[in-house]
Amino acid sequence: MSFNPTYMINSFKLCTRYIGTTLFMALVSLIIGLALGIGIALIRTYKIPLLARFFEIIITILKGVPIVLVILGSYLLMSQQFNHLAKSLGWSIQFKNVDPIWIAIFALGLMAIVNVSEIFRGIFVSIPKGQYDAAKSIGLTTTQMIRKIMIPQSIPIAIPMLSNLLINLIKASALASMVGVVDIFAEASISAQQNYSFLEGYVAVAIIYWIMSLIIERGATFLERALTR
């Protein structure tokens with residue numbers, strides 16, 4: 001099998017048109033993960049009755065399920081139940097009108113929530129207990145402790161792990177093609193079928209993923225240094 005650089009370059013150009021789609025799925029999923037994951041981490045850190053145990057079980061289950069099954073399961077569940085749910089809520093939209101990218105974002109968002117909650121729970125637990133005692137001694141409320149002590153200390157520590165999570169979300173977004181989303185990986189497969197240049201297409205998409213990962217890693221390093229100062 002010969003390697004044709006021309007096919008690789010053409011595939012590279014075609015795939016770059018879908019970088020925005022891939023980044024959109026990964027970034028929205030990360031935002032969902034941050035919004036809900038930090039809240040779950042706080043609930044488990046403060047051991048709120050019932051909720052802490054409930055989220056502990058859910059997180060444990062989701063950690064053991066491959067993301068590909070989450071994506072396919074979400075698609076099958078929504079394809080069977082979305083129309084009934086929409087009708088009961090009085091919505092006029094049907095499943096056939098739903099952009100599959102939102103199904104992928106839902107599944108990736110679950111992945112992000114699990115990882116973010118574990119990241120911040122570990123950081124919150126590692127904060128010395130003396131800081132909490134000192135905060136209580138000067139009359140700070142729980143909300144003030146979270147806002148002035150826990151979050152400011154956790155963000156710089158979490159940045160390297162969050163950047164790794166974003167990179168993993170970008171790579172996992174390639175599975176979105178299984179539910180009909182055209183992203184970088186899907187475009188590489190489609191273009192490769194025209195002349196059977198699958199090796200060239202996959203090399204091109206690997207280079208794109210590597211460049212995006214490198215940019216995110218460098219950006220996270222710069223941000224971490226800035227916040228640490």
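This is a predicted model, so every value here is computed, not measured. Reckoned from all heavy atoms, side chains included, excluding hydrogens, waters and symmetry mates.
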Is there a continuous path of hydrophobic side-chain contacts, each under 4.5 Å between heavy atoms, that joins [X] to [Y]?
X     : Y      : answer
Met25 : Val68  : yes
Leu77 : Ile61  : no
Leu27 : Val114 : yes

| Sidechain-backbone polar pair: Asp183 side chain, Ala186 backbone, donor-acceptor under 3.5 Å |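 Yes: the side chain of Asp183 pairs with the backbone of Ala186.
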| Ser11 side-chain N/O to Met8 backbone N/O, donor-acceptor pair under 3.5 Å |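 It does not hold such a pair.
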| Are the aromatic ring centres of Trp102 and Tyr75 under 6.0 angstrom apart? |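 Aromatic pair excluded; centres sit 6.0 Å or further apart.
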| query | Is the distance between the ring centroids of Tyr46 and Phe124 less than 6.0 Å? | reply |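 Aromatic pair excluded; centres sit 6.0 Å or further apart.
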Looking only at non-hydrogen atoms, find the nearest pair between [X] and [Y] and report the distance.
X      : Y      : result
Phe95  : Met78  : CD1-O, 3.6 Å
Ile71  : Ala176 : CD1-N, 4.4 Å
Ser189 : Phe198 : O-CE2, 4.2 Å
Pro152 : Ile146 : CD-O, 4.1 Å
Met178 : Leu72  : CE-CD1, 3.8 Å
Thr60  : Glu56  : OG1-O, 2.7 Å

| message | Is there a side chain to side chain contact (heavy atoms under 4.5 Å, CB included) between Tyr7 and Leu199? Walk through the geometry before answering. | response | CA-CA 9 Å; Tyr7 288 159; Leu199 178 59; over 6 Å; no
| task | Return yes when atom CG of Leu50 has more than 12 non-hydrogen atoms of other residues, nucleotides or ligands closer than 6.0 Å, and no otherwise. | result |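 Atom CG in Leu50 is not crowded, with 12 or fewer foreign heavy atoms closer than 6.0 Å.
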| Within 6.0 angstrom of Arg218 CZ, more than 12 heavy atoms from elsewhere |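 No, the 6.0 Å shell around CZ holds no more than 12 heavy atoms from other groups.
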| Can you name the side chain to side chain contact (heavy atoms under 4.5 Å, CB included) partners of Val98, sequence neighbours left out? |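 Val98 satisfies side chain to side chain contact (heavy atoms under 4.5 Å, CB included) with Phe82, Ile93 once adjacent residues are dropped.
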| query | By side chain to side chain contact (heavy atoms under 4.5 Å, CB included), which residues pair with Arg147, not counting sequence neighbours? | reply |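 Applying side chain to side chain contact (heavy atoms under 4.5 Å, CB included) to Arg147 gives Gln144.
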Approximate separation, where rounding is to 0.5 Å, of [X] [atom1] and [Y] [atom2]:
X      : Y      : atom1 : atom2 : result
Leu14  : Thr16  : CG    : OG1   : 7.5 Å
Leu108 : Leu169 : CG    : CG    : 6.0 Å
Met145 : Ile151 : CE    : CD1   : 12.5 Å
Glu200 : Asn10  : CD    : CG    : 10.5 Å
Leu175 : Leu69  : CG    : CG    : 10.0 Å
Leu162 : Asn168 : CG    : CG    : 11.5 Å

| message | Let's go through Lys63 and Asn115 carefully: what are the C-alpha distance in whole Å and the side-chain angles of both, what is the deciding distance for side chain to side chain contact (heavy atoms under 4.5 Å, CB included) to 0.1 Å, and is it a yes or a no? | response | CA-CA 8 Å; Lys63 282 197 296 186; Asn115 284 273; over 6 Å; no
| message | Do the side chains of Glu118 and Arg44 get close enough for a salt bridge, i.e. N-O under 4.0 angstrom? | response |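 Between Arg44 and Glu118 there is a salt bridge, with a charged N closer than 4.0 Å to a carboxylate O.
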| message | Out of the candidates Ile40, Ile38, Leu62, only one should pair with Ser117 under the side chain to side chain contact (heavy atoms under 4.5 Å, CB included) rule; please name it. | response |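 Between Ser117 and the candidates, side chain to side chain contact (heavy atoms under 4.5 Å, CB included) is satisfied uniquely by Ile40.
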